[in-house]
2 protein chains.
Amino acid sequence: MDPEIMRYRSSSCQRGEGTRRRILETAIEVFGTYEYDGASTRMLAERAGVNLPAIQYYFGSKEGLYRAAIEQIIRDIEERMSPVAAHVTARLAETDLDRGGVLDLLHLLLDNFAEFVLSGDQPEARKRLLVRAEADGMNALEPLQASMAENVVGPARALVGRLIGRAPEDQCTGLRTLAILGQVGVFCNRGARQGLGWTEIGGDRVRAVQAIVREHTAAIFAAIGPS
Amino acid sequence: MDPEIMRYRSSSCQRGEGTRRRILETAIEVFGTYEYDGASTRMLAERAGVNLPAIQYYFGSKEGLYRAAIEQIIRDIEERMSPVAAHVTARLAETDLDRGGVLDLLHLLLDNFAEFVLSGDQPEARKRLLVRAEADGMNALEPLQASMAENVVGPARALVGRLIGRAPEDQCTGLRTLAILGQVGVFCNRGARQGLGWTEIGGDRVRAVQAIVREHTAAIFAAIGPS
DNA sequence: GTCTATAGTCGGATAGAC
DNA sequence: GTCTATCCGACTATAGAC
């Protein structure tokens, strides 16, 4: 689709701003639940309490709304994770950081990541869209992946690389990093959670996951050091 | 939708059997790529090299074809994982099984699980549909979850429970089990793999994942025993 | 900015010939 | 069993009044 149709009233006066936001919030919810093709503009409009053409007016098209929803998710990641990423990067540059310090930073990163993907403001909706965007065929996900790479995977690789005495770009570093992050990621899967009897995730459960992942990660790097 | 419209020519004479299979294989591929609503019956028919009404003829409806595709995936899981599950269960019932033996069984299970989800016959298509089915709103996924629970998660919980001295149904057992399985699961995510430069997964890469997960798992249970 | 009405397209399903 | 032709509903998007 034409790349130059975005920003249709991206932030106009005042009157429409509330409407715009309501449509956007609804869209994150609905696209997350029904997937792009499964969510009709009628459903979107109805649930947002607006009329049909409002979508065209504010976002140009259904696809424009979808892209705006993804961008909102990216802003959420950025807001939540980039301070952590920046802190990790800064501390990692210091010279007086011992192995225990690096491990602490990894725990910090994992804790924040767990809290972000498992909890969050709109618990289910946002993360579902995040996961769903994985293979949408519209390439609306590339910036999302880039943001995840920059704010989560990148810093994690740097830490893991340091712990095992390899470069962050090293393939082995990447493998171990993904495996460790995967311990958190599974819990995004609704099917997986059902086996625990968890229909929803609250603060207690986020902390339970954090504790387990901490223990596992500590055990892994107690056994595996610089070769 | 009416539950009694399935099995429309489930296995008729001979002539149509080849056609039926071709449609089914195509459906797994196409539903996996474009999602249920994104895949049109026209696209399905064209790629399978059949005419439009063939879908109605063999599967009753688009939804019938979808359910048949999911059932095929379930048969694949069953075929691949249930022998492993049976072996694990049998060995676990024996009395002369020491801690090392239990850990070996867990490694066996994880190796097979990794090989199943990462490799397989039709590499990408099948597992994408498997992941996609997660929240389809049609409840076609329940038997799939049940199959995964029986053939993968269940045996894994039994092993992990034994290793940490807790019941398989224990919540803590479940948490650790999912975290460990998650180490394998991440690699299903295309976005995650891209960070490794892996556009596709072959035998070497499956073995690399298996090796890493083995090391991590061994380290975890070296540090964490019966409390 | 907000809305009603409607245009134009495409999808799932069916009828009925062969 | 296989196919062409077609129906009909649902969808995205737009025109234009207020």
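In what follows, chains are A, B, ... by sequence order, proteins preceding strands, each numbered from 1.
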Student: Could you tell me whether Asp111(A) and Arg214(A) make a salt bridge, using a distance below 4.0 angstrom between a side-chain N and a carboxylate O?
Tutor: yes
Student: Just to be sure I understand the rule, does Ala45(B) reach a base, reach only the sugar-phosphate, or reach nothing, if contact means heavy atoms closer than 4.0 Å?
Tutor: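 It contacts nothing in the nucleic acid.
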Student: Can you tell me how far P of dT2(C) sits from CZ of Arg22(A), to the nearest Å?
Tutor: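 From Arg22(A) CZ to dT2(C) P: 9 Å.
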Student: Measure the distance from CE on Met43(A) to P on dA10(D) and round it to the nearest whole Å.
Tutor: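 Rounded to whole Å, this separation is 13 Å.
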Student: What is the distance, rounded to the nearest whole Å, between atom NZ of Lys62(A) and atom C1' of dA10(D)?
Tutor: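 Distance check: Lys62(A) NZ to dA10(D) C1' gives 11 Å.
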Student: Quickly work out the Ile23(A) CD1 to dC3(C) P distance and round it to whole Å.
Tutor: 10 Å
Student: Should we say atom CD of Glu78(A) is surrounded by more than 12 heavy atoms from elsewhere, each under 6.0 Å from it?
Tutor: yes
Student: What pairs of donor and acceptor atoms, side-chain ones from residues 40-53 of chain B against any protein atom, are under 3.5 angstrom apart with sequence neighbours left out?
Tutor:
unit_1: Ser40(B); atom_1: OG; unit_2: Met43(B); atom_2: N; d: 3.1
unit_1: Arg47(B); atom_1: NH2; unit_2: Tyr34(B); atom_2: OH; d: 3.1

Student: Rounding to an integer number of Å, can you tell me how far Asn51(A) CG sits from dT14(D) C1'?
Tutor: 13 Å
Student: Between atom CZ in Phe59(A) and atom P in dA13(D), what is the gap in whole Å?
Tutor: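 Distance, rounded to whole Å: 14 Å.
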Student: Taking 4.0 Å as the cut-off, does a side-chain nitrogen or oxygen of Ser61(B) come that near to OP1 or OP2 on dG12(C)?
Tutor: no
Student: Hey, does the side chain of Gln56(A) come within less than 4.0 Å of dT14(D)'s phosphate (OP1/OP2), counting only N and O?
Tutor: no
Student: By nearest nucleotide on DNA chain C, pick out whichever of Pro53(A) and Arg42(A) is the more 5' one.
Tutor: Pro53(A)
Student: Round to a whole Å and report the spacing from CG of Leu52(A) to C1' of dA5(C).
Tutor: 11 Å
Student: Between Glu71(B) and Arg67(B), does any NZ, NE, NH1 or NH2 come within less than 4.0 Å of an OD or OE carboxylate oxygen?
Tutor: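 No salt bridge links Arg67(B) with Glu71(B).
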Student: Quick one: is Thr41(B) getting a side-chain N or O under 4.0 Å of the dG12(C) phosphate, OP1 or OP2?
Tutor: yes
Student: Which nucleotide sits closest to the side chain of Ser40(B): dG11(C), dC3(D), dT14(D)?
Tutor: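 Closest nucleotide to the Ser40(B) side chain: dG11(C).
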Student: Starting at CZ of Arg20(B) and ending at P of dG1(D), how long is that distance when rounded to a whole Å?
Tutor: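 Checked: the CZ to P distance equals 12 Å.
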Student: What's the closest nucleotide to the Tyr58(A) side chain, out of dT12(D), dT2(C), dT2(D)?
Tutor: dT2(C)
Student: Please classify the nucleic acid contact of Ile55(A) as base, sugar-phosphate, or nothing, using heavy-atom distances under 4.0 Å.
Tutor: nothing
Student: Quiz question: by atom type and distance under 3.5 Å, do the side chains of Gln210(A) and Arg207(A) form a donor-acceptor pair?
Tutor: no
